[in-house]
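In what follows, a single structure is set out as structure tokens and then discussed.
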Amino acid sequence: MTDGMFSEVLKTFLVKYGKEWDGREKHKIVGKTPLEEAAIIVEDYGLPCAKHEFVNEVYSMFSDHLCKVKALPGANRLIKHLSCHGVPMALASNSHRATIESKISYQHGWKESFSVIVGSDEVRTGKPSPDIFLEAAKRLNMEPSSSLVIEDSVYVIGSYSLEFLFALLLKDKDSYVRIGVVAGKAAGMEVVAVPSLPKQTHRYIAADEVINSLLDLRPEKWGLPPFQDWIEGTLPSEPWYIGGPVVKGLGRGSKVLGIPTANLSTEGYSDVLSEHPSGVYFGWAGLSTRGVYKMVMSIGWNPYFDNAEKTIEPWLLHEFDEDFYDEELHLVIVGYIRPEANFPSLETLIAKIHEDRKVAERALDLPLYSKYRDDPYLKITSSKGQ
Ligand code: ADP
Ligand code: RBF
Ligand code: MG
């Protein structure tokens, strides 16, 4: 369950009983079914209500928040793809069936895509027990061993025909994902994990594969039809916009390496950035006093350098005679290339970035992408993005 949202609901609820939520149960309730969670909280706070009352009240409050939940980046694309190819899918989660159903009712086209839904109220024990996954496979007439779980908030079971299983929420926390990985493996299934927090790959050794985001799923690896929307090494997206004055970077000497990156501040862009996973992107860059240029960029923590902060680092594909710190830079980002990666040496990192440059340069000549060169956002001279 999304931590923040659960706490918010719980706080409101506890106030009714004159109690204050202090977050102390958080670690205890992770991965429990709603009833198990309720029992813990009712007991810890000495609430004068039965645990099923607690469940009903909290969950009806919780459902008021469900419409605010956004799908994970790439979830809609994946569901549409599998559903178009007639791959049967199901949802299952540690929450109650009714909660799952109301949750997906806010996501356009999802309800029709899933032939099976399994809630924790329909099995004996929730994750990390494998029951939910086994029940889902059974209802789809699937062998667990030929099933794939995508463990994020999105779980997939099945191989040629598969099903989706969702975690408590469409976006959720790492501990929850890990518990799902354990459950999926215990069910004898293949598991792809999508950690929701950065730098967590090492915590998913039980998974068969760890990917940075759903954009990086390669269905063909799992016997499923491949995506067909990649174009010359790029994945087109609706354009998105960020801008601001060029700031000082971490002084890693990128320029010396021949790859200067005109860093932008991440401040004020948390919404846009949460909709787009870290990774390598490309598009067009407008500099207020100079012009519009092709651009390839990384967004994230630069695994090779293991930055503490997320950075936005556009490399403008043009030779400039001088620096342009503090100048207003606007970006129209039109597509995705790859996740950020670690490299065995600086040389291999640099070689990969040059490869990215070539991919971006070529792609930006395609009409699909070149049309955004004229986007008015690139010519605006005022501060801050859209
Ligand atoms: P920093 O760590 O401060 O970002 P870099 O070594 O990445 O330093 O150099 C980035 C600076 O170089 C940019 O802020 C910009 O002023 C300048 N620069 C020159 N040419 C380019 C280019 N083609 N793309 C991006 N920045 C460039
Ligand atoms: N850093 C990484 O650690 N891993 C990457 O995969 C990576 N990819 C990049 C791709 C592009 C197109 C650009 C411009 C930068 C990338 N970087 C990556 C960031 C790079 O480490 C950073 O710009 C350094 O400051 C270069 O010295
Ligand atoms: Mg830089």
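Keep in mind that the numbers below use all heavy atoms, side chains included, and drop hydrogens, waters and symmetry copies. Just so you know, residue 1 is the first one in the sequence shown, and it goes up from there.
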Query raised in the report: If you draw the axis of the six-membered ring of Phe324, does the NZ or CZ of Arg290 fall within 45° of it and under 6.0 Å from the ring centre?
Result: no
Query raised in the report: Which heavy atom in Asn76 sits nearest to a heavy atom in His108, and how many Å separate them?
Result: OD1-O, 4.3 Å
Query raised in the report: Should we say atom NZ of Lys310 is surrounded by more than 12 heavy atoms from elsewhere, each under 6.0 Å from it?
Result: yes
Query - Flag if over 12 foreign heavy atoms under 6.0 Å of CD, Glu361 - result: yes
Requested in this report: Taking ring-ring contact (aromatic ring centres under 6.0 Å, His included) as the test, write out the residues that go with Trp284, two or more places apart.
Outcome: none
Report task. First locate atom OH of Tyr45, then atom CD1 of Ile40, and finally report the distance between them rounded to the nearest 0.5 Å. Result -> 12.0 Å
Query raised in the report: Is Glu122 paired with Arg97 through a side-chain N to carboxylate O contact shorter than 4.0 Å?
Result: yes
Query raised in the report: Does the side chain of Leu316 come within less than 4.5 Å of Leu329's, by heavy atoms?
Result: yes
Report task. Could you label the plane-to-plane angle of the His318 and Phe320 rings as parallel, tilted or perpendicular, counting under 30° as parallel and over 60° as perpendicular? Result -> perpendicular
**Report entry** Axial cation check for Phe282 ring with Lys294, 6.0 Å and 45° limits
**Finding:** no
**Report entry** Heavy-atom pair of closest approach, residues Gly300 and Glu340
**Finding:** CA-OE1, 3.3 Å
Report summary line: Taken to the nearest 0.5 Å, the spacing of Glu328 CD from Leu264 CG works out to 8.5 Å
Report task. State the OH-CD1 distance between Tyr304 and Ile350, to the nearest 0.5 angstrom. Result -> 8.5 Å
Query raised in the report: Under 3.5 Å, is there a donor-acceptor pair linking the side chains of Thr234 and Tyr369?
Result: yes
Report summary line: Taken in chain and number order and not counting sequence neighbours, the residues that satisfy side chain to side chain contact (heavy atoms under 4.5 Å, CB included) with Cys84 are none
Query - Side chain to side chain, Ile299 and His276, heavy atoms closer than 4.5 Å - result: no
Query raised in the report: Looking at residues at least two apart in the chain, or sitting in another chain, which of them share a side chain to side chain contact (heavy atoms under 4.5 Å, CB included) with Glu355?
Result: Lys352
Report summary line: One should read off an interatomic distance between Met89 CE and Trp110 CH2, to the nearest 0.5 angstrom, of 10.5 Å
Query raised in the report: Within a strict 4.5 Å, meaning less than it, do heavy atoms of the Ile259 and His354 side chains meet?
Result: yes
Query raised in the report: With side chains defined as the heavy atoms from C-beta onward, is the minimum distance between Tyr372 and Leu378 less than 4.5 Å?
Result: no
Query raised in the report: Shortest non-hydrogen contact from Ile79 to Ser113?
Result: CG2-OG, 3.5 Å
